[in-house]
Amino acid sequence: MVPEGLEVEIWSQAAQVLVGRQIATVRVDPRCGGVGAEVLGGALIEGVSRRAKTLIIDTDHGLLGVHFGMTGRLVIDGHSPITSLEYGSARDLADWDRCIIEMVDGGITRVNDPRRWSRYEIVVDDPAAVVCTAPMFGPFGPDALSITASQLGDALGQRRRALKACLLDQSCVAGLGNMCADEVLWRADLDPRRPVHLLSGDEIDHLAGVIASTLPEMLRAGGSHMGQISPGLRRVGALCPRDGYPLDVATVAGRTTVWCRGHQR
DNA sequence: CGGCATGTTTCGCC
DNA sequence: AGGCGAAACATGCC
């Protein structure tokens, strides 16, 4: 799996073991941002949380925001809660460490990212002041893991784009990636190409319910690759697990999209 | 070897 | 203005 909101949630939960510990040094590959990371030296970690696909490490010296890009993986004290990344690598080369946080107690937390698309932001001012300038901190729509029907209705609002484009837009709905977007649309019987302004209120309500039930289920199952539209079905010739109809594979909203013409309308 | 990749931003065009 | 496609990013993998 690639880091969608679910993966960051898994890492965020695992990273709670960092709370209460003191940072010795933080080093960031300068090609990945992280300007000013040295100010976190000696800082006490007060909390770890997730916003959309961003991991936020909160310290008494400021915040460290981490966006994992497409192949970033968090390794905490030598072990990773997610060992294999779809489109990532099974290897873990020191050359691929883009951020290394050394703790005073000797522990090391790092981001190993072959493709170097992970990004880091240090926030030492009022975080609210940075929200509008650092995209990795938002603005975000309601989080998919707990979205309600009224939140989704408001988020889609008067937009006129394809439904999938809205689901992938983090300022509309936060946390969904390409794989989870296909999964929830498949489960909700909705065509990813449908213009959102043509959805009925009932369809929006239904979709919200599907999102809010499917994501926690996939989280428990292990992440964004654990849906019914598994990675192996993302190819021409695969059959819909529900009705056996040949799945469609095409580009929608600029992304590879898989759906079933048989039951998604 | 060529092409593809599950994230995001930017840019040009309609 | 808003939406869309394409390109760019960088590199491993099939």
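Lettering of chains follows the sequences in order, A, B, ..., and the numbering in each one begins at 1. The model shown is predicted, which means the values in this text are computed figures rather than measured ones.
We find that A:E7 and A:R73 are not joined by a salt bridge, their nearest charged nitrogen and carboxylate oxygen being 4.0 Å or further apart. A salt bridge does not link A:R265 to A:D191: none of the charged nitrogens lies less than 4.0 Å from a carboxylate oxygen. Between A:R119 and A:D29, none of the side-chain N atoms (NZ, or NE/NH1/NH2) sits under 4.0 Å from a carboxylate O, so this pair counts as no salt bridge.
Rounding to whole angstrom units, CE of residue A:M136 and P of B:dG7 are separated by 15 Å. In this structure, A:R235 places its CZ atom 22 Å from P of C:dC13, rounding to the nearest Å. Rounded to an integer number of Å, the gap from A:R234 CZ to B:dA5 P is 9 Å. Here the C1' atom of nucleotide B:dA5 and the CG atom of A:D182 are 14 Å apart, to the nearest Å. In this structure, A:R98 places its CZ atom 9 Å from P of C:dG12, rounding to the nearest Å. Counting to the nearest Å, the P atom of C:dG12 and the CG atom of A:D92 are 14 Å from each other. Distance A:R255 CZ to B:dA5 C1': 9 Å, rounded to the nearest Å. Atom-to-atom, CD of A:E121 to P of B:dT9 comes out at 11 Å; the value is rounded to the nearest Å.
Distance from the side chain of A:W117 is smallest to C:dC9 among C:dG12, B:dT8, C:dC9. The nucleotide whose nearest atom lies closest to any side-chain atom of A:W96 is, among B:dT8, C:dA10, C:dG12, C:dG12. Taking the side chain of A:V2 as heavy atoms from C-beta on, and the options B:dT8, B:dG7, C:dG12, the nearest nucleotide is B:dG7.
Looking at residues 156-166 of chain A, you'll see A:R159, A:R160, A:R161, A:A162 sit with a heavy atom under 4.0 Å from some atom of DNA chain C.
A:D97 places no side-chain N or O within donor-acceptor distance of the main-chain N or O of A:R110, the cut-off being under 3.5 Å. For the pair A:D182 (side chain) and A:V258 (backbone), a donor-acceptor distance under 3.5 Å is present. Without hydrogens or angle criteria, A:R161 side chain to A:V196 main chain gives no donor-acceptor distance under 3.5 Å. Within the 3.5 Å criterion, the main-chain N or O of A:D113 finds a donor-acceptor partner in the side chain of A:R98.
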For this session: For DNA chain B, produce a single dot-bracket line, 5' to 3'. Pairs: Watson-Crick or G-U wobble, both distances under 3.5 Å. Symbols: ( ) within strand, [ ] crossing, | other strand, . unpaired.
Result: .||||.||||||||
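Put simply, the side chain of A:R116 and the base of C:dA10 share no donor and acceptor less than 3.5 Å apart.
A:T251 comes within 4.0 angstrom of no nucleic acid atom, judged by non-hydrogen atoms across all strands. The residue A:R91 sits close only to the backbone: its heavy atoms come under 4.0 Å of sugar-phosphate atoms, none of a base.
Between A:T256 and the phosphate of B:dC4, there is no side-chain N or O to OP1/OP2 separation shorter than 4.0 Å. Between A:H67 and B:dG7 there is no side-chain polar atom (N or O) within less than 4.0 angstrom of OP1 or OP2.
Look at the P atom in both C:dA10 and B:dC11: the space between them is 16 Å, to the nearest Å.
By the side chain to side chain donor-acceptor pair (under 3.5 Å) test, A:S230 is found to be paired with no residue, residues two or more places apart in sequence or in another chain being considered.
A:L55 contributes atom CG, which lies 8.5 Å from atom CE of A:M136 (distance to the nearest 0.5 angstrom).
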For this session: Please report the C-alpha distance between A:F68 and A:W117 in whole Å, then the side-chain angles of each, then the deciding distance to 0.1 Å, and finally whether the ring-ring contact (aromatic ring centres under 6.0 Å, His included) criterion is met.
Result: CA-CA 7 Å; A:F68 292 88; A:W117 281 0; over 10 Å; no
